[in-house]
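Below, read A as the first sequence line, B as the second, and so on, with proteins coming before strands; counting in each chain starts at 1.
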Number of protein chains: 2
Amino acid sequence: MSEFLDKAAEKYHPGLSVDCVIFGFHENELKVLLLKMKHTSKWALPGGFVEKNEHIDLAAIRVLENRTGLKDIFLKQFYTFGDPDRHDHEMDLELFKQSGRDPVKDHWFLQRFITMGYYALIEFSKASPRPDDISDACEWKSVDELPDMILDHREIADKALDTLRFQINYQPIGHKLLPVKFTMPELQRLYETILGKELDRRNFQRKMLAYGILKDLGERRKGGAHKAPYLYSFDVKKYNAALKIGLKGSW
Amino acid sequence: MSEFLDKAAEKYHPGLSVDCVIFGFHENELKVLLLKMKHTSKWALPGGFVEKNEHIDLAAIRVLENRTGLKDIFLKQFYTFGDPDRHDHEMDLELFKQSGRDPVKDHWFLQRFITMGYYALIEFSKASPRPDDISDACEWKSVDELPDMILDHREIADKALDTLRFQINYQPIGHKLLPVKFTMPELQRLYETILGKELDRRNFQRKMLAYGILKDLGERRKGGAHKAPYLYSFDVKKYNAALKIGLKGSW
DNA sequence: ACAAAAGTGTTAGGCTTACACCCATGC
DNA sequence: GCATGGGTGTAAGCCTAACACTTTTGT
């Protein structure tokens, strides 16, 4: 950490960061990957800084890969947060203390920061969450029960979810968040958690099939209680074509 | 300009700017306010820098007010452009030359810049466009015939229009772009230019009236050729309430 | 057998689409 | 009067919303 503070000023673009809202879907819940900050009870979005000559999207990809161990992650920039009061001077000083140094006036790290929000959609089971230098845990938290978060990270997470909801007919939500094979009820739960409301089972199924973006695999998911549901997978070509003009219909 | 370059480094946040896509509606065309750069034939979006302790939204508002003479402008941040290659070193050096100084290595102005795009909706007739220090003209250009623009400004303008189109059912497009009193055909032309396609006159009218967001003023617009159309104005309260959940319907 | 989950079907009503007809105005 | 733009109306078809019935599976 101490070394990082020394080199940061020459390596990174000043006063600029990226924060990632990483969505995953597990046990019928939409979840976000959060880091628990060392020495506090607060949580944070995975984030990082932008190198001086680096594309901002790449900075986000770096963060994503480091926290999840995944490559080729689907991500979208959704908003830039630039309130001058969004830093927490107390916290900054605390971090300096922990690194065993005195806070230097006008240090790169102590200035005002503007952060660019990205959201990512990943397949839950494939990720291997790992904490970074300043955190001691990395966990999935349900969007319905987000813990206390540092700075404006709660606002960032909320805005990401709003954006996801707004773009639901234009982004490959299902394809990126679900495993290759999935059942219709699973897809429905996903839509329900994103939209935050219940949908009619039968109408949902008819509508989804009408889009023509699903392939019926003919198999059934065995093992569960009750009647075994069919397995589907996305016809990626048709799915993407349909998303371009937007899936029709209001939810 | 020379003085600006001297003071910029201490006044402004490094490597960060805002660019505004200002939309206006006039003579049945959707237009964007552009600046013609001095000593070149290229055009640019009105833009500016972010002061060290200024909210990024305020920086955009400053730009807007300076270029249009208007206050209380409707504006939305829509995307941040962070390609490291988005600067134009040639142009930077030219600006230095024109200010009568030698380009200093590592000067504030010569570093890589990240820009935050905002779009604004204003009532055409109320604006008083005026150029800034580095431009010698300020004109409205139709979105259908945008001239050559510097850097990635064309991309920024296009993305703004895409966003506007995407959000058409959720933003007070009509209320902000049209004068207080307007006719149904005028409102339709506005929708048509934003959407980039023709709409059926009769269906448009029925749908708009069904929303219940218009007040029929009972008057007619006299003077024009042909039958005099009725004048309407927005019922702002109902309009805003309707926008919150989104105007229903696909265009 | 029973509860719970999943597959399939039906119908009324609303919205979209595609039209036809009449009115007003300037040339 | 005629071309053009504007106001009003109607019918077919599609989509949505609401709801009933049957099938499968573990207990």
Side-chain angles (χ1 to χ4, degrees), chain A residues 27-29 168-170 174 178-179 181-193 195-233 242 245-251, chain B residues 25 27-29 168-170 174 178-179 181-193 195-233 242-243 245-251:
Chain A
E27 291 176 339
N28 284 339
E29 283 190 330
I168 196 164
N169 284 339
Y170 299 86
L178 294 174
K181 298 180 178 185
F182 55 90
T183 67
M184 192 63 77
E186 283 165 0
L187 182 59
Q188 187 183 338
R189 303 285 173 276
L190 173 58
Y191 270 74
E192 288 179 334
T193 33
L195 295 169
K197 66 176 176 189
E198 296 192 350
L199 300 171
D200 184 284
R201 207 163 47 86
R202 300 149 283 196
N203 293 335
F204 180 84
Q205 164 138 337
R206 184 172 336 105
K207 197 165 173 176
M208 270 296 157
L209 291 176
Y211 288 144
I213 60 177
L214 296 179
K215 283 187 291 193
D216 188 336
L217 299 176
E219 317 165 43
R220 286 171 179 266
R221 163 146 303 160
K222 300 164 190 170
H226 318 300
K227 186 170 180 176
Y230 288 111
L231 284 169
Y232 293 90
S233 105
I245 53 172
L247 300 177
K248 280 175 196 167
S250 56
W251 299 101
Chain B
F25 190 66
E27 289 175 342
N28 285 339
E29 282 190 331
I168 195 165
N169 285 338
Y170 299 86
L178 293 174
K181 297 179 178 186
F182 55 89
T183 68
M184 192 62 79
E186 283 165 359
L187 183 59
Q188 186 182 339
R189 302 283 173 277
L190 173 58
Y191 269 74
E192 287 180 335
T193 34
L195 294 169
K197 65 177 175 189
E198 296 191 350
L199 301 171
D200 184 283
R201 213 162 44 86
R202 300 149 284 196
N203 294 335
F204 180 84
Q205 164 138 337
R206 184 172 338 105
K207 197 164 172 176
M208 270 295 159
L209 291 176
Y211 287 144
I213 60 177
L214 295 179
K215 283 187 292 191
D216 188 336
L217 299 175
E219 317 164 44
R220 285 170 180 268
R221 161 145 306 160
K222 299 163 190 171
H226 318 301
K227 184 170 180 177
Y230 288 111
L231 285 170
Y232 293 90
S233 108
L243 287 173
I245 54 170
L247 299 178
K248 279 173 196 168
S250 57
W251 300 100

In whole Å, what is the span from the CG atom of A:L209 to the P atom of C:dT8?
8 Å
Can you tell me if A:K197 uses its side chain to pair, donor with acceptor, with the backbone of A:W251 under 3.5 Å?
yes
Basic-acidic side-chain contact under 4.0 Å: B:R189, B:E192
yes
Applying side chain to side chain contact (heavy atoms under 4.5 Å, CB included) to A:N28 and A:T193, what does each step give before you reach the verdict?
CA-CA 8 Å; A:N28 284 339; A:T193 33; over 6 Å; no
Which nucleotide, C:dA4, C:dT10, C:dG7, lies nearest any side-chain atom of A:R206?
C:dT10
Looking only at atom types and distance, does a side-chain atom of B:Q188 sit under 3.5 Å from a main-chain N or O of B:Q205, one as donor and one as acceptor?
no
Distance check: side-chain N/O of B:R201 vs OP1/OP2 of C:dC21, anything under 4.0 Å?
no
Write down the distance between CG (A:L214) and P (C:dG7), rounded to a whole number of angstrom.
12 Å
Chain A reaches DNA chain D, atoms under 4.0 Å from its heavy atoms, from D:dT16 to D:dG26
Separation of C:dG13 P from A:N203 CG (nearest whole Å)
17 Å
Starting at CG of B:D200 and ending at P of C:dC15, how long is that distance when rounded to a whole Å?
17 Å
Identify, between A:Y232 and B:K227, the residue whose nearest nucleotide on DNA chain C lies closer to the 5' end.
A:Y232
Starting from C1' on C:dA5, measure out to CD on A:Q205 and report it in whole angstrom.
13 Å
B:G174 to B:L187 - nearest heavy-atom pair and separation:
CA-CD1, 4.3 Å
Which is more 5' along DNA chain D, the nucleotide nearest A:H226 or the one nearest A:R202? Just name the residue.
A:R202
Between A:Y230 (OH) and C:dG7 (P), how many Å, whole number?
7 Å
